[in-house]
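The block underneath contains the structure these notes are about, expressed in structure tokens.
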Amino acid sequence: MMSSSDDNVALSMIDGNIDQDDDMPLSQISSKSTDTTSVDSNSTEGQKSGSKRKASSPTGHKAKKVKRSKNTVKSESDEENTPLASTTAPPPKKTSKKKSESGTAKPRNGTKKSKGAKSTGSNKTDAVKKEDEVAKTEKDPSSTREDEEDEEKYKWWEAEDVDGEQKWESLEHNGVIFPPDYEPLPSHVKLYYDGKPVDLPLEAEEVAGFFGAMAETDHAKNPTFQKNFFEDFCKVLKDAGGCNVNIIDFHRMDFSKMHAHFEMLRDQKKLLSKDEKKAIKAEKDKFEEPYKTCLLNGHKEQVGNFRIEPPGLFRGRGAHPKTGKLKRRVMPEDVTLNLSEGCKIPEPPQGHKWAEVRHDNTVSWLAMWKENIADSFKYVRFAANSSIKGLSDFKKFETSRKLRYHIDEIRKDYTKMLKDPLMQNRQMATACYLIDIFALRAGGEKGDDEADTVGCCSLRYEHITLKPPNKVIFDFLGKDSIRFYQEVEVEKQVFKNLRIFKKPPKQPGDDLFDRISPPLLNKQFQNYMKGLTAKVFRTYNASKTMQDQLDLIPNEGTVAEKVVKFNAANRTVAILCNHQRTVSKTHGSSVQKIHDKLKELEWHKIRTKKMILQLEPNLKTKDPDYFEELDDLSKEDTEHIHRALIERAREAARKRFQRENDKLKIEDKPLLTEKDLEEKMEKVNELEKEYAEELKTGKPQIKKSVTVEKLKSQVDTLTNRILNTTFQLKDKEDNSEVSLGTSKMNYIDPRLTVMFSKKFNVPIEKLFTKTLRDKFNWAIESADENWKF
DNA sequence: CCCGTGACTTAGGAAAGGGGAA
DNA sequence: TTCCCCTTTCCTAAGTCACGGG
């Protein structure tokens, strides 16, 4: 499928003379140093040339990653870096913000009015405002900060900025919650092997149980998952002393009894009465209370994940080589706490001790442990509504917002650099283009023991297909193994470059961008603006897109309509960022259901109109438009609807019968008999006959009491419902595989949403859920209807 | 100067909750 | 009022990126 013809031949030379060798994939160059500078990499070359990655499978999956040595091309330094470098015109003003000035300083321009006025008195010296470009004039007496400890939320954005390096002054918390100890299964619930019950030691039973609980999931059917699980299970079993059966083959194990047991437990839980559930919840809440919050600089703040992750089987996403491995139980001895020196240290669980207690105020985690799958750290952190998270979120958006002062120049520069004679620079420019235009992620290198996913810099030969004159088809798995598939048109020069990046001897499995890497890219970006990295482009372009989309919405219509339009704008952003969700298993049927409902509503409406005509036949000539749709439904459709209605009526009758009987049984009264049921059914049968007749004559029966007025109002109601349902259907289909939440939560500057809410008079509750309102409280309180990204 | 480590953001799916239709 | 489905929240995996030490 990689149509080689297009890709490989005739690489029209780019303008400028390009050193032949410069075009050679790095991995092929052996000792010559082409890039003027460098490539003195000979040292490393040896290994490289031999080890180039090959596609290991027809599908083009990588075989193994070889570290590439980046040294090689060192930055062509400076001067020939026309680059993306420097010259950058400094943005207007803006000098102010450096973090360095902790405290004091700054409120450059003030605030937007009013809002602030509410409780706290107004002046926000705050970080938020201070950044505000809108030069409003009010000055701002450096404010008095309130010290009240009001338990109501501490408004960090109205306080002085805090310096960057240090994350907190004081931090006090109650530690973490450990998962409950393993509870052995009842003795009759067992794993079976070759049909025989297995007596497992507790440690192994627990692991078997992890699998048993998920026996019916897709994970459990995945061979890699099974293999990894089985290896770890066998190891645990062996370490625990083995069991009565010699277990050597995963497929001879039978988890069905275990699985049934867990299902039963779940059902049981579901069956608890409302009160019981409530009581359990209350107890749980009470227990968790102390862990939910902590004291940060004297202010109460929420903790995010205060629960240590329970043991289980690792559920990797996509084709993860380690999926199914045992995630071992985390003990207090694995956990490092971080809090203020001198404050009370939370007690570790009975008989245990903490791995370490640290007092590092340059980090923002409360506790940490090492996880055994990827050997990386897990952290207990503040919740999204905390000041620490809020501040860094705010900074993130401010940084991306500043990109607007540089974006023109950046675009100009990379466009120019697309033709640079130096291969590395062309790669750099092309990558910038892709990141900027298609919102690709940076794409760092990944290991063999991770899922094979890519971003910009790690794109490989097989991930793009070129169709002259300038069409590119991207098809690769990105973060979370979500597919990125797009057929797009690109700048002529980008197309040429990509073709060169695929030039032989490159082949499937090879990196397109073999001379650059995210760090290199980011280093260039820093030349334009402090804090500028690849990911900032995603934030910038997402928020910019949102702003532009919102600007197109007319300020009219009902709240519901405006919300729909807002969501449409949101959707544009989500599509830009490729935020997907798997269509729910029930999606197809639920769409079908809405279709059916729609048909039924139409039928109902037509039928009602027919009734009107029966009452007053001359209306048809008076208002032909109104009765135009009378023949819209085919006989088959009508019949189909009739049948569905009848069937539903029967079903309902049966259910009602059942329910009544259940009730009578409890009350110990005589039950209804089959005959009673038949009676009920008889009514339905009559209806059926009525419909059959109606189908023949086309004339519905009319009850005595109806009037034309009543019928007309029924028609109106139906018309409305049809309209609403149609909208609902469209929304559902448009949204079926797009996830709006991720962009709303991470990419769209929340002040845009707040601006929309205020300007369009849409209650913020319609746009932000409770959690998002908490998380973005700073935005809600600081942006007004004129705010601009 | 790497390159591994550490810390932090971003991400989709599962579970829980809640509100509307029957 | 119950039940079901959609929305929200929880969970934790999977990215990005800076930095420090050999």
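Proteins get letters first, then strands, A, B, ... in listed order; numbering begins at 1 in each.
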How do A:Gly318 and A:Thr771 order along DNA chain C: which one's closest nucleotide is nearer the 5' end?
-> A:Thr771
Does A:Met745 or A:Phe314 map to a spot on DNA chain C nearer the 5' end, using the closest nucleotide for each?
-> A:Met745
Test side chain to side chain contact (heavy atoms under 4.5 Å, CB included) applied to A:Asn361 - qualifying residues, sequence neighbours left out | A:Gln166, A:Trp168
Whether [X] side chain and [Y] backbone form a donor-acceptor pair below 3.5 Å:
X: A:Glu371; Y: A:Asp375; answer: yes
X: A:Glu301; Y: A:Cys294; answer: no
X: A:Ser543; Y: A:Tyr747; answer: yes
X: A:Lys325; Y: A:Phe229; answer: no

Expected string for nucleotides 15-22 of chain C under the B/S/- scheme (protein heavy atoms, under 4.0 Å, primed atoms plus P, OP1, OP2 as sugar-phosphate) is SSSS----
What's [X] touching, base or sugar-phosphate or nothing? Going by heavy atoms closer than 4.0 Å.
X: A:Lys389; result: sugar-phosphate
X: A:Arg317; result: base
X: A:Gly741; result: nothing
X: A:Lys327; result: sugar-phosphate
X: A:Ile482; result: sugar-phosphate

Does a nitrogen or oxygen in the side chain of [X] sit under 4.0 Å from OP1 or OP2 of [N]?
X: A:Ser392; N: B:dC8; result: no
X: A:His320; N: C:dA14; result: yes
X: A:Thr582; N: B:dG13; result: yes
X: A:Ser739; N: B:dA11; result: no
X: A:Arg538; N: B:dA11; result: yes
X: A:Arg307; N: C:dC11; result: yes

By nearest-nucleotide position on DNA chain B, the 5'-leaning member of A:Tyr747 and A:Asp360 is A:Asp360
Assert: residue with more 5' nearest nucleotide on DNA chain B, out of A:His219 and A:Val363, is A:Val363
Please work out which residues in residues 374-383 of chain A have a non-hydrogen atom less than 4.0 Å from an atom of DNA chain B and list them by number.
-> A:Phe377, A:Tyr379, A:Arg381
Hey, is A:Glu398 close enough to A:Arg751 for a salt bridge, meaning N to O under 4.0 Å?
-> yes
Closest heavy-atom pair, A:Asn338 versus A:Trp365, reported as atoms and distance to 0.1 Å, is ND2-O, 3.1 Å
Apply side-chain contact (heavy atoms from CB on, under 4.5 Å) to A:Lys530 and A:Lys402, showing your working.
-> CA-CA 10 Å; A:Lys530 175 154 172 286; A:Lys402 276 192 225 141; over 6 Å; no
